[in-house]
Amino acid sequence: MEDKKAVYAGSFDPITKGHIDIMKRSAQIFEKVIVGVLDNKNKKNWFSADERLEMIKILLKDLKNVEVQTFDGLLVTFMEKNNAKILIRGLRAVSDYEYELQMALTNSSLSGNKIETIFLTASRENLYLSSSIVKEIAINEGDIKEFVYENHINIIKERARLIKGGNFNEKNSNC
Ligand code: ADP
């Protein structure tokens, strides 16, 4: 049944322990979870969509019912292509609420009320964790190991170093 399939979409720039927590919990609820990595050319990301996809894949190799894809354009189109009607989003503090509500209502209306958004609350330890905070800490040479998986610490630190030194532009990142 289609309803056993869900999409979890975001920028994941970079993927954090908070995102992975939502993916693992979703994988226990749904038969199939498709992680959609947004390739938004208008947004300045630290990592290209392909890099972000690879970073996620490494962490999900034991979760057999989770698949990762990149997409651009509208999320509703991506969901239609994958024949999915459930969208998962993570909710942290109150500050997420207004934006998430706006997105949920917009996606519902763009899909002719076909898409339902389901919110999973962030786990206590990830409540204030975001990709932006990780980037902020990394650029200031702080310790990010509490927030991201070990496999990614060096690549994030290295990217922070390039960005800080002004030696990074989109072309460096396999875009
Ligand atoms: P976007 O760029 O679309 O905001 P993100 O990649 O930052 O996407 O996040 C994707 C989804 O994961 C969003 O629903 C966001 O609220 C959720 N999320 C981000 N960080 C956490 C976290 N620490 N715990 C739970 N959910 C989170």
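Read the numbers this way: they start at 1 and go in the same order the structure lists the ligands and their atoms. One-based numbering along the sequence shown.
Within ligand 1, counting atoms from 1 as listed, the ones closer than 4.0 Å to a heavy atom of Leu129 are 20 (N), 21 (C), 22 (C), 23 (N). Close approach to Asp96 involves these atoms of ligand 1, each under 4.0 Å from a residue heavy atom: 16 (O). Atoms of ligand 1 found under 4.0 Å from any heavy atom of Gly10 (numbered from 1 in listed order, with element): 3 (O), 6 (O), 8 (O), 10 (C). The contact set between ligand 1 and Ile22, taken as ligand atoms under 4.0 Å from a residue heavy atom, comprises 25 (C), 26 (N). Listed by number with element, the atoms of ligand 1 under 4.0 Å from a non-hydrogen atom of Gly18 are 22 (C), 23 (N), 24 (N), 25 (C). Residue contact check: Lys43 has heavy atoms under 4.0 Å from atoms 2 (O) of ligand 1.
Under 4.0 Å is where a charged nitrogen must lie from a carboxylate oxygen, and between Glu51 and Arg159 at least one such pair does. Between Lys164 and Glu141 there is a salt bridge, with a side-chain nitrogen of the basic residue lying less than 4.0 Å from a carboxylate oxygen of the acidic one. At a threshold of 4.0 Å, the pair Asp21-Arg25 counts as salt-bridged, since one of the basic side-chain nitrogens sits closer than that to a carboxylate oxygen.
Both tests do not hold together for Lys5 against Phe30: distance to the six-membered ring centre under 6.0 Å, angle to the ring axis within 45°.
Although no hydrogens or angles enter the test, the distance criterion places a donor-acceptor pair under 3.5 Å between the side chain of Asp143 and the main chain of Lys145. For Asp96 (side chain) and Leu91 (main-chain N/O), no donor-acceptor pair under 3.5 Å exists by modelled atom type. Of the possible donor and acceptor atoms, one in the side chain of Arg92 sits under 3.5 Å from a partner among the backbone N and O of Leu129. No donor-acceptor distance shorter than 3.5 angstrom exists from the side chain of Lys85 to the backbone of Glu80, with no hydrogens or angles considered. At least one donor-acceptor pair under 3.5 Å links the side chain of Arg52 to the backbone N or O of Leu38. Asn82 places a side-chain N or O within 3.5 Å of a backbone atom of Phe78 that can act as its donor or acceptor partner.
When only interatomic distances are considered, the shortest N/O to N/O separation between Gly90 and ligand 1 falls below 3.5 Å. In terms of polar-atom proximity, Ala122 is not counted as a contact of ligand 1, lacking any N or O under 3.5 Å from an N or O of the ligand. At a 3.5 angstrom cut-off on N or O pairs, Ser11 counts as close to ligand 1. Any N or O atom pair closer than 3.5 Å counts here, and Asn126 shares at least one such pair with ligand 1. Between Thr16 and ligand 1, no pair of N/O atoms sits closer than 3.5 Å. Backbone and side-chain nitrogen or oxygen atoms of Phe12 are examined, and one is located within less than 3.5 angstrom of a nitrogen or oxygen of ligand 1.
For atom 11 (C) of ligand 1, the closest heavy atom belonging to the protein is Tyr8 OH, 3.4 Å. In this structure, atom 10 (C) of ligand 1 lies nearest to the protein heavy atom Ala9 O, 3.6 Å.
By heavy-atom distance, the residue among Arg52, Arg92, Arg89, Met23 lying nearest atom 22 (C) of ligand 1 is Arg92. When His19, Glu100, Met103 are ranked by how near their heavy atoms come to atom 5 (P) of ligand 1, first place goes to His19.
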